[in-house]
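The block underneath contains the structure these notes are about, expressed in structure tokens.
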Protein chains: 2
Amino acid sequence: MNRPAYTVEDVVKLLGVTPRTLHYYEEVGLLEPAARTQGGHRLYGEDTLERLHHILRLKDALGYSLQEIKSILDTEYALDKLKAKYKNNQSAENRDSILEESILEESIRLLEEVLQRVDDKLSRLQTVQKNIRDRLEKIQALRDRTTTTKSHS
Amino acid sequence: MNRPAYTVEDVVKLLGVTPRTLHYYEEVGLLEPAARTQGGHRLYGEDTLERLHHILRLKDALGYSLQEIKSILDTEYALDKLKAKYKNNQSAENRDSILEESILEESIRLLEEVLQRVDDKLSRLQTVQKNIRDRLEKIQALRDRTTTTKSHS
DNA sequence: CATCAAGTGTACGTTGACGTTAGATATGGA
DNA sequence: TCCATATCTAACGTCAACGTACACTTGATG
């Protein structure tokens, strides 16, 4: 699975990052080491593309540091593994369900924390938006008054 | 005007920044050089406090760089000056109204640009919010299933 | 199959936003 | 007046997030 393999050049063009950024993200553990050609060139799968896209959104839109993003993604990754495990274990024995449940609770807690921060940021951003909008309206009114004055003079 | 003068220590305690940050912001032109005591110590007025507060909101909540913040504040400052000028000139001669109008138009353009950027950021942020919310709901559903299973076993 | 843009690892350079240190004043209370 | 802080300027240090240069392979294309 993941047949549609993307080369570095592809990713660069698709997501607007530089090769160096890809290397760096791999270096700090944000991106999985990626598959390689027998010559050593990197090949990325659809999932990695998704992940990178997610990373960029978190970075640009939220201003998170790569460290914070890493912790968020690590959580989500743990969740994915957990979900997979749950599906396989559906009718199997669940001797360590307590452990899994605690991981689940912890994950929920982390996700809620992230969501809380996003919500906060959103409301502050909306405040700023309102401020700017008010300012703009006043200025536009000022302009309208000015041009009106002018046309009647 | 601006009698309630704040010392560096006051600002530090009120807004939670370090003295170095104040110096730095002044260095890059984000803060007006502030008044000084005869000994050279800085004194800030209410307006500077407001401005700094604004700067911190833009930085923390929006993740703007100091450069971007500077350009935004410069725009707003120009607008304030313009509005004051307009008020004074209301019934006076307005020989250079054309010049002022062009400044007005330019200011509106700049403000619209800023607003556009904020709107963009908002929509991206909402996308992220939705993603996280979806994830969280799925996980919670998973937990509910798990606990249900457990209580009936 | 020759070529040459593109990719690789390694490593040092850069930029933004301050932190930290040093050595010399200033300030406000006892 | 004297002293403990607090501030000043100037300069170097730091950390994250890449940029850039180098000497060297890869792999698509004419």
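Keep in mind the model is a prediction, meaning the values are calculated, not measured. Letters go in sequence order (proteins before strands), and every chain restarts at 1.
- B/Glu26 comes within 4.0 angstrom of no nucleic acid atom, judged by non-hydrogen atoms across all strands.
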>> As a quick check of understanding, evaluate side chain to side chain donor-acceptor pair (under 3.5 Å) for B/Glu32 and B/Tyr44, giving each step before the final call.
In response: CA-CA 9 Å; B/Glu32 316 148 39; B/Tyr44 300 97; over 6 Å; no
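- Rounded to whole angstrom, the span from the NE2 atom of A/His41 across to the C1' atom of C/dT8 amounts to 6 Å.
- In this structure, NZ on A/Lys130 lies 12.0 Å from CD1 on A/Ile132, to the nearest 0.5 angstrom.
- Closest to the side chain of B/Arg36, from the set D/dT7, C/dG9, D/dC8, is D/dC8.
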>> Test side chain to side chain donor-acceptor pair (under 3.5 Å) on A/Gln140 and A/Asp144; report intermediate values, then the result.
In response: CA-CA 6 Å; A/Gln140 282 168 341; A/Asp144 292 348; over 6 Å; no
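- Within the nucleic acid shown, A/His23 comes within 4.0 Å of sugar-phosphate atoms alone, with no base atom in reach, counting heavy atoms only.
- Spacing between atom CG of A/Leu31 and atom P of D/dA17 amounts to 14 Å, rounded to whole angstrom units.
- Here the side chain of A/Asp10 pairs a donor or acceptor atom with the backbone of A/Thr7 at under 3.5 angstrom.
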>> Using the rule given for side chain to side chain contact (heavy atoms under 4.5 Å, CB included), can you reason through A/Leu125 versus B/Lys121, listing the C-alpha separation, both sets of side-chain angles and the distance that settles it, and then say yes or no?
In response: CA-CA 8 Å; A/Leu125 198 46; B/Lys121 207 154 216 167; 4.1 Å; yes
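- In this structure, OH of B/Tyr6 is placed 20 Å from P of C/dT27, rounded to the nearest angstrom.
- Atom CG in A/Leu22 sits about 14 Å away from atom C1' in D/dA17, given to the nearest Å.
- Computed from coordinates, the A/Asp10 CG to C/dA5 C1' distance equals 15 Å when rounded to whole Å.
- The separation between A/Leu43 atom CG and C/dA6 atom C1' is 13 Å, rounded to whole Å.
- Salt bridge annotation for A/Lys13-A/Glu9: present, with a cationic side-chain nitrogen under 4.0 angstrom from a carboxylate oxygen.
- In this structure, the side chain of A/Arg51 engages the main chain of A/Leu30 through a donor-acceptor pair within 3.5 Å.
- Considering only side-chain N and O atoms, B/Thr7 lies under 4.0 angstrom from the phosphate OP1 or OP2 of D/dT7.
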Below 3.5 Å between N/O atoms, which protein atoms pair up with nucleotides 16-18 of chain C? Just atom names and distances, please.
| from | atom 1 | to | atom 2 | distance (Å) |
| --- | --- | --- | --- | --- |
| C/dA17 | OP1 | B/Leu66 | N | 2.9 |
| C/dC18 | OP2 | B/Tyr25 | OH | 2.7 |
| C/dC18 | N4 | B/Arg20 | NH2 | 3.4 |

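- Residue B/Arg42 has a polar side-chain atom (N or O) positioned under 4.0 Å from OP1 or OP2 of D/dC8.
- Checking the phosphate oxygens (OP1, OP2) of D/dT26, no side-chain nitrogen or oxygen of A/Gln38 falls inside 4.0 Å.
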